[in-house]
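In what follows, chains are A, B, ... by sequence order, proteins preceding strands, each numbered from 1.
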2 protein chains.
Amino acid sequence: MITIKDIAKEANVSEGTVDRVIHNRSGVSKKTEAKVKKVLERHNFKVNPVASALAMKKKHQISVLIPEHNDSDLFWKSPYLGVLKAAEDVKNFGVQVNSFTFNQSDAKSYLSAFKDLLDTEPTAVIMVPNFSDETKQIINQLEVLNIPYLFLNIDIEGFSNMAYVGQDSYTAGYIAGKLMHFNNVQPCEFLIIQSSQNSTKNNAISNRVKGFQDYFLKNEINSTPQTLKIEDIHNVLEAKEIINSYLQTRPEVKGVFVPSSRIYKVVDCIENNRLKHLELIGFDNTPQNTACLLNDSVSFLISQKPFDQGYKSVRLLTDFLIQNKVPEHKIYLPIDILIKENVEYNGRDEFVSEYNNTVKEG
Amino acid sequence: MITIKDIAKEANVSEGTVDRVIHNRSGVSKKTEAKVKKVLERHNFKVNPVASALAMKKKHQISVLIPEHNDSDLFWKSPYLGVLKAAEDVKNFGVQVNSFTFNQSDAKSYLSAFKDLLDTEPTAVIMVPNFSDETKQIINQLEVLNIPYLFLNIDIEGFSNMAYVGQDSYTAGYIAGKLMHFNNVQPCEFLIIQSSQNSTKNNAISNRVKGFQDYFLKNEINSTPQTLKIEDIHNVLEAKEIINSYLQTRPEVKGVFVPSSRIYKVVDCIENNRLKHLELIGFDNTPQNTACLLNDSVSFLISQKPFDQGYKSVRLLTDFLIQNKVPEHKIYLPIDILIKENVEYNGRDEFVSEYNNTVKEG
DNA sequence: TATATTTGTGTGTACGCACACGAAAAACAC
DNA sequence: GTGTTTTTCGTGTGCGTACACACAAATATA
């Protein structure tokens, strides 16, 4: 393994000079810079990130702005855990990660969480751009401060985010359509159940719906999915009434698509004898949804690998910060098709761990 | 961040002593050991793996024994690439990885590759236990030398391998059965096409077949899949003859299951007009197989994430070597269901990279 | 020409840990 | 009690890099 010292010796300069060249720091004459660079290239020199990290020591702050999670909405727990895991992994590389959460239905909390976030003086930011107007304000500030930022899970155009990490929502919806059609080839109807809140602001969800519908259009299936909007899915009584009365009037509905992580709520709402004859497809392997797979009330879940989204975001940014490695602009994670039988093998959140520092035992 | 120095100060001993305690090295009296351990625990001290790696410097050799790959059998390229990637990632942690390959249909090459492998004086071994008798010999030597070993991709019982990293083949086959049944509910027949070579020795493949058959048994579907064995799948003419004449006599066959990564070969063999009316399910997203998905000749591929298998094996062993972290005995990777639409999002082999040492550019 | 200023380069130290070496302390022999 | 061995422990150095600081050379200012 070739070291800076070796390079220095061969180029007849000091280690400090080599270091300066490597980091494009000032204070080196053009002539020696060229000389050193040549030696560097000849040996294909790469800095040893381990030694580098050790020498740098806590220089970077990555601050994360994501929705909070609670018992009824566990989805956001996964990206959070992914972030935590990555934080542990990069800790010893001199990167500190701080998380800030906001209430997804409260734009003010979004702004105030961001305000707290700014106090950490972040080197870079990972955020879920949840409200479009407020996001504009936030991005504005970030750009003034020249802080790079990355979008997680929700993709919005029109900003110069360094990257987007998440799923290709349109294709995910399209796949849901295909899966829905699998078991139900005879002419029949499909229903999309959406929460009104989500539909207005969440890009990801509307893309899923578009993909779902496009499957039927592009494959010339004479069955256009209908949409049923529910004001507040957490109001079980009301939702129950709406859903069941709809299904009552439309017995030809054979499948229900829920483009959010709340399919378990829909399952709760549908009467049992009806449920048996319906195919349900939803998103995300939260514990509640997974339970629905296992008890056969849901046929498919599409996972967007939320844990990996969180994990990967942090790792990408770290690579950027300590190595100037520029990530691709769109990082699409796999579109996992989950069924009863393979769900237990997914979401093994411990996969690919860094050396998380346990005291050795003999 | 608490350091060894801090611990030493608090325990009124030297850093060297703390180091000895941490690594269970000899030369510490019971009394001081207890004292230091208490302080260690109170602060929940973890060694900084970055500094640790820097100080150790190239102490471990992980040697890998896997089948070779070529243009017609690309499957083993993926684990190899995963190993390479991991090798890069752990290089700076003082771990060197060497790969040795053998011809899957030549037991002698297996032994001779192992002999070469031994010359590297490995600290630990990752191997694909391909031939059972020869594997016994190999394991024997490893155990005499007290070298820990890990099974990759193929799981054999009766050895004290530290872990198995791969897929739950039985469940993967079971899932294939379910998927096969999806589109074909009306009474119909299914065919399993196997290569005779594989069937006799490859545990993974026979488990897939068992799982596939069990799906039909357990769900009381009155259709037992038939098996067709092909002597040599690479002899296209012969295989063509066998397969097509079988399908000729059995028009009620609606689906074909190929429990290996060679489904593209089977596609080559089946006449086009017949192909259109068959549902094919196979394993592994090799380039050739992926092409079959994309041109609609194959409906599903089940991926066993071979890249991840290789990657993860190395990382697990590294964790064990430099941190004494004992892995779980069975590491099952996700069972990915691939279709035309999501295949491009899988197997993004660059996922979760370590800092692979690029010279920074300003 | 003498002095101030800028630029270019070398030196030293710290990062946290592993381990070799040798000193001190304890244990044992006589 | 001294001499010897064994056990126990502290010190010092190195891993490869980052960066502050010091200093020399080159250039500018008076």
Please confirm whether the shortest side-chain N or O distance from [X] to OP1 or OP2 of [N] is below 4.0 Å.
X       : N     : result
B/Ser14 : D/dC9 : no
A/Ser29 : C/dT9 : yes
B/Thr32 : D/dC9 : yes

For [X], all residues meeting side-chain hydrogen bond (donor to acceptor under 3.5 Å, both in side chains), sequence neighbours excluded:
X        : answer
B/Glu68  : none
B/Thr3   : B/Asp6
B/Asn12  : none
A/Gln141 : none

N/O donor-acceptor pairs under 3.5 Å from side chains in residues 110-122 of chain A, not counting sequence neighbours:
{"residue": "A/Tyr110", "atom": "OH", "partner": "A/Thr135", "partner atom": "OG1", "Å": "2.8"}
{"residue": "A/Thr120", "atom": "OG1", "partner": "A/Ser63", "partner atom": "OG", "Å": "2.8"}
{"residue": "A/Thr120", "atom": "OG1", "partner": "A/Leu117", "partner atom": "O", "Å": "2.6"}

Report the residue (B/Val13 or A/Gly16) whose heavy-atom-nearest nucleotide on DNA chain D is the more 5′ of the two. B/Val13

Measure from [atom1] on [X] to [atom2] on [N] and round the result to the nearest Å.
X       : N      : atom1 : atom2 : result
B/Ile4  : D/dG10 : CD1   : P     : 14 Å
B/Glu15 : C/dC19 : CD    : C1'   : 13 Å
B/Asp19 : D/dG14 : CG    : P     : 17 Å
B/Asn12 : D/dG10 : CG    : P     : 9 Å
A/Lys31 : D/dA26 : NZ    : C1'   : 12 Å
B/Lys30 : D/dT7  : NZ    : C1'   : 13 Å
B/Ile22 : C/dA18 : CD1   : P     : 7 Å
A/Asn24 : D/dA18 : CG    : C1'   : 15 Å

Using a 4.0 Å heavy-atom cut-off to protein, can you give one letter per nucleotide of nucleotides 22-27 of chain C, 5' to 3': B if the base is in contact, S if only the sugar-phosphate is, - if neither? ------

Checking B/Glu15 now: which residues fulfil salt bridge (charged side-chain N to carboxylate O under 4.0 Å, His left out) with it, not counting sequence neighbours? none

Going by atom types alone, do A/Asp89 and A/Tyr311 pair a side-chain donor with an acceptor below 3.5 Å?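 The criterion, which ignores hydrogens and geometry beyond distance, is satisfied for A/Tyr311 and A/Asp89.
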
Pairs involving residues 22-34 of chain B, ordered by first then second residue, that meet salt bridge (charged side-chain N to carboxylate O under 4.0 Å, His left out) (sequence neighbours left out): B/Asp19-B/Arg25, B/Glu33-B/Lys37

Atom NZ in B/Lys5, atom CD in B/Glu10: separation rounded to 0.5 Å? 15.5 Å

Tell me, please, which residues at least two apart from B/Ala124 pass side chain to side chain contact (heavy atoms under 4.5 Å, CB included).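 B/Ala124 satisfies side chain to side chain contact (heavy atoms under 4.5 Å, CB included) with B/Pro148, B/Leu317, B/Leu321 once adjacent residues are dropped.
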
B/Lys9: what forms a side chain to side chain contact (heavy atoms under 4.5 Å, CB included) with it, not counting sequence neighbours?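 None.
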
If you check the B/Phe45 side chain, which of C/dG10, C/dC17, D/dT17 turns out closest?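 Nearest to the side-chain atoms of B/Phe45, counting from C-beta on, is C/dC17.
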
Closest to the B/Thr17 side chain: D/dT17, D/dG10, C/dG8?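 So the side chain of B/Thr17 is nearest to D/dG10.
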
Could you check whether any side-chain heavy atom of B/Phe320 comes within less than 4.5 Å of a side-chain heavy atom of B/Met162, counting everything from C-beta outward?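 B/Phe320 reaches B/Met162 side chain to side chain.
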
If you restrict it to nitrogen or oxygen atoms, what contacts under 3.5 Å exist between nucleotides 13-15 of chain C and the protein, and what is each distance?
{"residue": "C/dC15", "atom": "O2", "partner": "A/Leu54", "partner atom": "O", "Å": "3.4"}
{"residue": "C/dC15", "atom": "O2", "partner": "A/Ala55", "partner atom": "N", "Å": "3.4"}

Difference in axis direction between the ends of the helix from C/dT1-D/dA30 to C/dC30-D/dG1, five pairs, 10°: 50°

